[in-house]
J.: 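Just dropping this structure here.
In what follows, residues are counted from 1 in the order of the sequence shown. Quantities reported herein were computed from a predicted structural model and do not represent experimental measurements.
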Amino acid sequence: DNDEFTPVVPVADLLVTLDLSPQINRGDNLPETWGVQNIGTSTVTTATLTQTIPAGLTFNAGISNPACTATATTVTCVITNIAPAQTKTVVVFLTVPPTETCASVISKTVNLLSSSPADTVSGNNSATDSSLVTCPASSSSSSTSSSSSSSSSSPAAQCNDGIDNDNDGATDFPADF
């Protein structure tokens, strides 16, 4: 008998993703791509994603997606109208301070705060990724002044991290120049 019909019950199920650049220079803007994929059977009219801002980092509203706002400690993005099987993304930028420790790891997590209709599967409502903070070796720009064997690199370009940043055998300013 083939006259039976089982209706599909609309279900909201959002899969949250996060993609960070694997490395970021201190002092630069860290781009983060936040994604939300509707793997349910119901259109989601709004999804609110949040992330705690790590100490020292700051939200850069000027280049972040306009759907995202921030307080001193939290970034919030509201994504609208996500059809079944559709993925939507926003890009958030956090500024890494120029004093961030070299070779430190910035770990970030994005969480689904709420959705309408409500998400029925919570196991895929957060995503975590990380980025390694790098300190580029100071570059010697060509100088118009002639000097003997002494180097004149800027102390501001040097790290104070116990690492030989320019491979000259010395660590930290003033020895590492």
J.: Give me the other members of the hydrophobic cluster that Leu132 sits in, counting Ile, Leu, Val, Met, Phe, Trp and Tyr linked by side-chain heavy atoms under 4.5 Å, directly or via other members.
T.: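 Members besides Leu132, by chain and number: Val105.
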J.: Running the 4.5 Å side-chain criterion over Ile, Leu, Val, Met, Phe, Trp and Tyr, what cluster does Leu15 land in, apart from itself?
T.: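 Listed partners: Ile39.
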J.: Looking at Pro84 and Gly40, what are the two nearest heavy atoms and their distance?
T.: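 In this case the closest contact between Pro84 and Gly40 is CB-O, 3.4 Å.
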J.: Under the side chain to side chain donor-acceptor pair (under 3.5 Å) rule, what pairs show up with a residue in residues 59-73, not counting sequence neighbours?
T.: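 Found Asn29-Asn60.
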J.: Once salt bridge (Lys or Arg N to Asp or Glu O under 4.0 Å) is applied, what residue pairs with a partner in residues 115-134 remain, sequence neighbours excluded?
T.: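 Pairs touching residues 115-134 that pass the test: none.
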J.: Hey, what else clusters with Phe93 if you join Ile, Leu, Val, Met, Phe, Trp, Tyr whenever side-chain heavy atoms sit under 4.5 Å?
T.: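 Members other than Phe93 - counting any ILVMFWY side chain reachable under 4.5 Å - are Ile63, Val91.
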J.: Kindly state each residue pair satisfying disulfide (SG to SG under 2.5 Å) with at least one member in residues 50-99, sequence neighbours excluded.
T.: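 Pairs touching residues 50-99 that pass the test: Cys68-Cys77.
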J.: Between Ser131 and Ser21, which heavy-atom pair has the shortest distance, and what is it?
T.: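 Looking at all heavy atoms of both residues, the closest pair is OG-O, 2.7 Å.
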J.: Rounded to the nearest 0.5 Å, how far does OG of Ser122 lie from CG of Asn111?
T.: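 One finds 11.5 Å between CG of Asn111 and OG of Ser122.
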J.: By the side chain to side chain donor-acceptor pair (under 3.5 Å) test, which pairs, at least two apart or in different chains, include something from residues 37-52?
T.: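 Counting only pairs at least two positions apart or across chains, the side chain to side chain donor-acceptor pair (under 3.5 Å) contacts touching residues 37-52 are Glu32-Gln51, Gln51-Lys108.
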J.: Which Ile, Leu, Val, Met, Phe, Trp or Tyr residues join Leu14 in one cluster when any pair of side-chain heavy atoms under 4.5 Å counts as a link?
T.: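 Same cluster as Leu14: Val16, Leu18, Leu20, Ile24, Leu30, Trp34, Val36, Val44, Leu49, Ile53, Leu57, Phe59, Val75, Ile79, Ile82, Val90, Val92, Leu94, Val96, Ile106, Val110, Leu112, Val133.
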J.: Per the salt bridge (Lys or Arg N to Asp or Glu O under 4.0 Å) rule, what does the pair list look like for residues 83-105, sequence neighbours excluded?
T.: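 For residues 83-105: none.
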J.: Can you list the residues that meet the side-chain hydrogen bond (donor to acceptor under 3.5 Å, both in side chains) rule with Asn25, with sequence neighbours excluded?
T.: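 Once residues adjacent in sequence are excluded, the partners of Asn25 under the side-chain hydrogen bond (donor to acceptor under 3.5 Å, both in side chains) criterion are Thr134.
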J.: Sort and list the pairs that fulfil salt bridge (Lys or Arg N to Asp or Glu O under 4.0 Å) and have at least one residue in residues 43-68, not counting sequence neighbours.
T.: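 Output for this query is empty, none listed.
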J.: My understanding is that only residues two or more places apart in sequence, or in another chain, count here; which of them pass side-chain hydrogen bond (donor to acceptor under 3.5 Å, both in side chains) with Thr109?
T.: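 Applying side-chain hydrogen bond (donor to acceptor under 3.5 Å, both in side chains) to Thr109 gives Thr128.
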